[in-house]
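Working notes, beginning with the structure itself.
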Amino acid sequence: VQLQASGGGLVQAGGCLRLSCKASGINFSINTMAWYRQAPGSEREVVASITSGGGTTYAESVKGRFTISRDNARRTVYLQMNSLTPDDTAVYYCNVRLNRNFWGRGTLVTVSS
């Protein structure tokens, strides 16, 4: 299983970024995919998830600002992040849970005030 995340970077508060995660080694279309994040000194937390049928869930802190989506043909899950704040600064990880959790390497998002 490989999860290759990209799209992180430095952005000013109020800006936006789109993260991408391309998966290989799994039957992508049938699996729930998720994005997590871990800020310095904090535990990893779930940001958003999307089921095989397109059902989505979001952390309260990102509702209305972030949108998770998937393209099964491209084996890719996206996280559109709008109205970013410094509190969104973290390393963002792509996740799929099979017999255990699998994680991508992470992509750093830094939001300056």
Side-chain angles (χ1 to χ4, degrees):
V1 178
Q2 284 194 325
L3 302 172
Q4 190 167 5
S6 61
L10 173 63
V11 64
Q12 287 188 330
C16 59
L17 284 173
R18 189 175 84 152
L19 306 183
S20 300
C21 173
K22 188 171 180 64
S24 59
I26 62 171
N27 190 342
F28 181 83
S29 63
I30 69 169
N31 283 292
T32 294
M33 302 297 298
W35 285 98
Y36 284 68
R37 67 185 180 187
Q38 187 166 18
S42 299
E43 293 188 355
R44 195 171 296 188
E45 62 176 1
V46 61
V47 175
S49 65
I50 184 165
T51 68
S52 58
T56 57
T57 61
Y58 296 93
E60 284 295 326
S61 59
V62 307
K63 277 184 180 177
R65 301 188 298 122
F66 290 12
T67 303
I68 189 170
S69 62
R70 65 192 297 158
D71 184 334
N72 289 337
R74 289 182 167 81
R75 307 172 63 84
T76 301
V77 60
Y78 303 97
L79 186 67
Q80 177 67 44
M81 305 185 294
N82 299 329
S83 302
L84 286 160
T85 76
D87 287 343
D88 296 315
T89 295
V91 177
Y92 284 71
Y93 297 92
C94 184
N95 166 273
V96 63
R97 183 171 181 85
L98 304 176
N99 55 322
R100 64 172 178 87
N101 278 313
F102 288 88
W103 303 97
R105 196 166 69 173
T107 184
L108 176 62
V109 172
T110 303
V111 184
S112 63
S113 57

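Positions are given from 1 along the sequence. Keep in mind that the numbers below use all heavy atoms, side chains included, and drop hydrogens, waters and symmetry copies.
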Arg70 to Phe28 six-membered ring, cation-pi geometry met (6.0 Å, 45°): yes
Heavy-atom closest pair (Gln80 atom, Cys16 atom, distance to 0.1 Å) is NE2-CB, 4.0 Å
Interatomic distance, CE@Met33 vs OG@Ser52, rounded to 0.5 Å, equals 12.0 Å
Is it the case that more than 12 heavy atoms not belonging to Gln38 sit under 6.0 Å from its CD atom? yes
Check your understanding: Does one hydrophobic cluster hold both Leu84 and Val47, with members joined at side-chain heavy-atom distances below 4.5 Å?
Key -> yes
| said: What I want to check is whether the side chains of Thr57 and Ser49 have a donor and an acceptor closer together than 3.5 Å. | reply: yes
The reported gap from CG in Leu3 to OG1 in Thr76 (rounded to nearest 0.5 angstrom) is 10.5 Å
Applying salt bridge (charged side-chain N to carboxylate O under 4.0 Å, His left out) to Glu43 and not counting sequence neighbours gives none
message = Donor-acceptor check, side chain of Tyr93 to backbone of Ala5, threshold 3.5 angstrom: yes or no?
response = no
Heavy atoms of Val109 and Gly8 approach each other most closely as CG2-CA, 4.1 Å
**Item:** Val62 reachable from Val111 in the ILVMFWY side-chain graph, under 4.5 Å edges
**Value:** yes
Thr32 backbone acceptor or donor facing Arg97 side chain under 3.5 Å: no
* Below 4.5 Å, heavy atoms only, C-beta onward: do Thr107 and Ser6 meet side chain to side chain? -> no
Requested in this report: Hey, can you tell me if Tyr92 and Phe66 have their rings parallel, tilted or perpendicular (30° and 60° cut-offs)?
Outcome: tilted
Between the CD atom in Gln2 and the NZ atom in Lys22, the distance rounded to the nearest 0.5 Å is 11.5 Å
| request: Could you tell me whether Glu45 atom CD has more than 12 heavy atoms of other residues or ligands within 6.0 Å of it? | output: yes
In this structure, OH of Tyr58 is separated from CH2 of Trp35 (nearest 0.5 Å) by 13.0 Å
Closest non-hydrogen contact found for Ala13 with Ser113 is CB-CA, 4.3 Å
inquiry  = Would a single hydrophobic cluster contain both Trp103 and Ile68, if residues Ile, Leu, Val, Met, Phe, Trp and Tyr are joined by side-chain heavy-atom contacts under 4.5 Å?
reply    = no
Shortest non-hydrogen pair, Asn27 vs Asn31, comes out as O-ND2, 2.9 Å
- Message: One pair to check against side-chain contact (heavy atoms from CB on, under 4.5 Å): Met81 and Val11. What are the steps and the verdict?
- Response: CA-CA 11 Å; Met81 305 185 294; Val11 64; over 6 Å; no
Rounding to 0.5 Å, atoms CG (Leu19) and CZ (Arg37) come to a distance of 11.0 Å
Exercise for review: Establish whether Ile26 and Val77 are linked, either directly or via other cluster members, by ILVMFWY side-chain heavy-atom contacts under 4.5 Å.
Suggested key: yes
Tightest non-hydrogen contact, residues Ser83 and Arg65, listed as O-NH1, 3.0 Å
Exercise for review: For Arg44 and Asn95, run side-chain contact (heavy atoms from CB on, under 4.5 Å): C-alpha distance rounded to whole Å, both residues' side-chain angles, the deciding distance at 0.1 Å, then the answer.
Suggested key: CA-CA 12 Å; Arg44 195 171 296 188; Asn95 166 273; over 6 Å; no
*Taking a hydrophobic cluster as the set of Ile, Leu, Val, Met, Phe, Trp and Tyr residues connected by side-chain heavy atoms closer than 4.5 Å, whether directly or through intermediates, do Val96 and Leu79 fall within one such cluster?*
yes
In this structure, CZ of Arg105 is separated from SG of Cys94 (nearest 0.5 Å) by 13.5 Å
